[in-house]
Number of protein chains: 2
Amino acid sequence: MIVYFRSMRIKDEAKQSAIIDATVKLVNEIGFVSSSVSKIAKEANVSPATLYIYYKNKEDLLVSTYLEIKQRLSEEILSEFNQNAPIRDSLYKFWTNAFHFISQNNSYFQYTEQFANSPYSEKVNHEDVEKSFTPIYEVLQKGIEQKIIKNVSFEILSVFMFYPIMNLSNARLCKNITADSKTIEDAFQLAWDAIKL
Amino acid sequence: MIVYFRSMRIKDEAKQSAIIDATVKLVNEIGFVSSSVSKIAKEANVSPATLYIYYKNKEDLLVSTYLEIKQRLSEEILSEFNQNAPIRDSLYKFWTNAFHFISQNNSYFQYTEQFANSPYSEKVNHEDVEKSFTPIYEVLQKGIEQKIIKNVSFEILSVFMFYPIMNLSNARLCKNITADSKTIEDAFQLAWDAIKL
DNA sequence: TTCTAAAATAAACGATCATTCATTTAATGT
DNA sequence: ACATTAAATGAATGATCGTTTATTTTAGAA
């Protein structure tokens with residue numbers, strides 16, 4: 001909770017978001033290795049010292065940026081979710097939402113992939129992150145109960161439902177794929193065939 | 001080609017492999033960011049300068065290490081491959097080989113994942129790397145011709161056949177999964193259902 | 001054994017790193 | 001208008017970075 005005491009100059013929200021954008025941009029272009037605080041600050045048009053007003057240190061900046069993007073991703077995936085739709089339709093909606101978010105925000109997504117595969121990953125509470133995606137697990141659970149979906153662990157199901165799409169729409173890993181509608185349809189059919197009973 | 005002129009002290013192969021092991025170990029424990037040449041050298045019990053006898057520079061070390069591991073992975077995946085076996089059996093063999101290599105060499109595999117998701121990835125010729133895996137593509141092609149496997153692009157097929165397994169057996173990404181035989185069987189069934197016609 | 005040339009190294013290079021400090025700027029309540 | 005307080009910053013900190021240099025070590029040919 002923020003306490004406003006007598007008088008207080010307020011943090012510039014545009015600056016905060018400029019820092020996040022600069023972090024994502026630089027990390028994708030030159031990697032974690034070369035993305036120094038000074039370079040990020042210069043890219044965001046702020047002083048290096050300013051960064052330490054918004055974040056405890058560099059690690060805090062990188063972790064917070066990861067969590068911020070994961071949050072946006074979960075919101076995008078779950079948008080327009082209809083509890084009452086058939087299970088296959090719900091999953092198709094999640095799937096296409098994910099595809100479009102990743103395609104249209106490739107630098108943000110690549111940041112999270114680079115982050116998740118690095119030791120920084122150990123600094124986040126992944127259970128908390130997974131909570132944002134619970135509606136997906138609920139749909140899968142309902143599918144298992146209705147004997148529409150195979151009765152295997154959630155890890156296996158989600159790894160087939162969502163990791164292929166993440167790779168197909170990641171420009172760094174998959175250079176020959178375009179996000180045309182046939183690709184999306186083809187790929188979803190494979191994902192569905194994988195998990196359906 | 002190496003020319004031996006009159007007399008010549010020979011490079012210590014144990015040192016070379018100590019450097020690779022130290023690189024993999026450190027990159028996995030503390031990431032690309034913190035894995036400095038001096039730390040890698042210290043871990044390998046050599047001088048930082050020695051490293052520059054074996055590799056042009058740090059980037060060369062990291063790229064070479066990536067290629068070395070990818071080479072070993074492809075050899076493991078393709079081992080005991082029988083041209084005449086049924087298609088499903090061949091893919092099952094590739095699949096279990098991959099699962100076991102990744103499970104038993106998790107730090108090596110995690111290195112390649114971290115590398116592939118970083119901008120260092122741009123420094124390798126991915127077409128060359130893919131060539132090591134051509135037998136896999138040939139099996140898939142044969143399956144398409146025999147109308148056993150769906151007629152979609154290789155990218156889509158391989159992304160369903162191999163990326164899920166990579167995630168399931170990557171300890172960093174998948175902490176709750178054990179490599180018991182039921183998991184392997186379950187997961188392969190999903191992969192097969194995804195790609196089969 | 002002696003000589004040779006590359007392997008191997010310790011020490012040093014300038015550059016850049018993450019972070020802090022001393023100071024200035026700019027909102028806000030009075 | 002003024003006082004207050006945090007936002008914002010430029011400059012400096014010591015540490016560490018990747019790489020090079022000058023020197024020593026060592027395996028093998030003569």
Side-chain angles (χ1 to χ4, degrees), chain A residues 1-27 29-66 115 118-120 123, chain B residues 1-27 29-66 115 118-120 123:
Chain A
M1 196 181 72
I2 302 170
V3 179
Y4 290 91
F5 179 70
R6 297 185 58 159
S7 69
M8 193 168 163
R9 189 175 165 191
I10 287 178
K11 285 183 193 171
D12 185 344
E13 277 188 35
K15 238 160 218 148
Q16 167 105 36
S17 117
I19 292 171
I20 292 181
D21 285 348
T23 305
V24 171
K25 180 168 185 243
L26 274 185
V27 167
E29 284 176 2
I30 61 177
F32 280 123
V33 181
S34 310
S35 297
S36 66
V37 172
S38 8
K39 285 180 190 164
I40 292 171
K42 180 172 279 183
E43 176 74 33
N45 286 314
V46 298
S47 159
T50 305
L51 223 137
Y52 287 83
I53 295 169
Y54 291 85
Y55 301 97
K56 237 182 23 233
N57 50 35
K58 191 187 178 184
E59 180 183 299
D60 183 32
L61 163 67
L62 298 176
V63 172
S64 300
T65 301
Y66 173 78
F115 184 97
S118 82
Y120 285 126
K123 306 291 176 180
Chain B
M1 199 180 72
I2 302 171
V3 178
Y4 291 91
F5 179 70
R6 296 185 62 159
S7 69
M8 194 169 164
R9 190 176 165 190
I10 288 177
K11 286 183 193 172
D12 185 345
E13 277 187 34
K15 236 159 219 150
Q16 167 105 36
S17 118
I19 292 171
I20 292 181
D21 285 349
T23 304
V24 172
K25 181 168 185 244
L26 273 185
V27 167
E29 284 176 2
I30 61 177
F32 281 121
V33 181
S34 310
S35 296
S36 65
V37 172
S38 5
K39 285 179 189 164
I40 291 171
K42 180 172 278 182
E43 176 74 33
N45 286 314
V46 297
S47 157
T50 305
L51 223 137
Y52 287 83
I53 296 170
Y54 293 84
Y55 301 97
K56 234 178 30 226
N57 50 36
K58 191 188 179 184
E59 180 183 300
D60 183 33
L61 164 67
L62 298 176
V63 172
S64 301
T65 301
Y66 172 79
F115 184 97
S118 81
Y120 285 125
K123 306 291 176 179

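The structure presented is a predicted model; accordingly, all values stated were derived computationally and were not measured. So that the names make sense, note that chain A is the first sequence line, chain B the second, and so on, each numbered from 1. Hydrogens, waters and symmetry mates are skipped; everything else that's a heavy atom, side chains included, is used.
The NZ-C1' distance, from A:K42 to C:dC17, rounds to 14 Å in whole Å. Look at OH on B:Y55: it is 14 Å from P on D:dT19, rounded to the nearest Å. In this structure, CZ of A:F32 is placed 16 Å from P of C:dC17, rounded to the nearest angstrom. As a whole-Å value, the separation of B:I53 CD1 from C:dA10 P is 12 Å. Rounded to a whole Å, the CD atom of B:Q16 is 12 Å from the P atom of C:dA7. The CD1 atom of A:I19 sits 12 Å away from the C1' atom of D:dA7 (whole-angstrom rounding).
Between the side chain of B:K39 and the main chain of B:S34, a donor-acceptor pair closer than 3.5 Å is present.
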Could you please spell out the steps behind the side chain to side chain contact (heavy atoms under 4.5 Å, CB included) verdict for A:Y54 and A:K15?
CA-CA 9 Å; A:Y54 291 85; A:K15 238 160 218 148; 3.8 Å; yes
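The distance from atom OG of A:S118 to atom CG of A:L62, rounded to the nearest 0.5 Å, is 8.5 Å. Distance CD1/B:I20 to OG/B:S64: 8.0 Å, rounded to 0.5 Å.
Across every non-hydrogen atom of A:D60 and A:N57, the tightest pair is N-OD1, 2.9 Å.
Residues B:I30 and B:S35 form a side-chain contact, since some pair of their non-hydrogen atoms from C-beta on lies under 4.5 Å apart.
Under 4.0 angstrom from either OP1 or OP2 of D:dA7 there lies no side-chain N or O belonging to A:Y54.
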When you compare the protein's N or O atoms with those of nucleotides 18-22 of chain C, which come within less than 3.5 Å of each other, and at what distance?
unit_1 : atom_1 : unit_2 : atom_2 : d
C:dA18 : OP1    : A:K58  : NZ     : 2.5
C:dA18 : OP2    : A:V37  : N      : 2.6
C:dT19 : OP2    : A:Y52  : OH     : 2.6
C:dT19 : OP2    : A:K58  : N      : 2.9
C:dT19 : O5'    : A:Y52  : OH     : 3.2

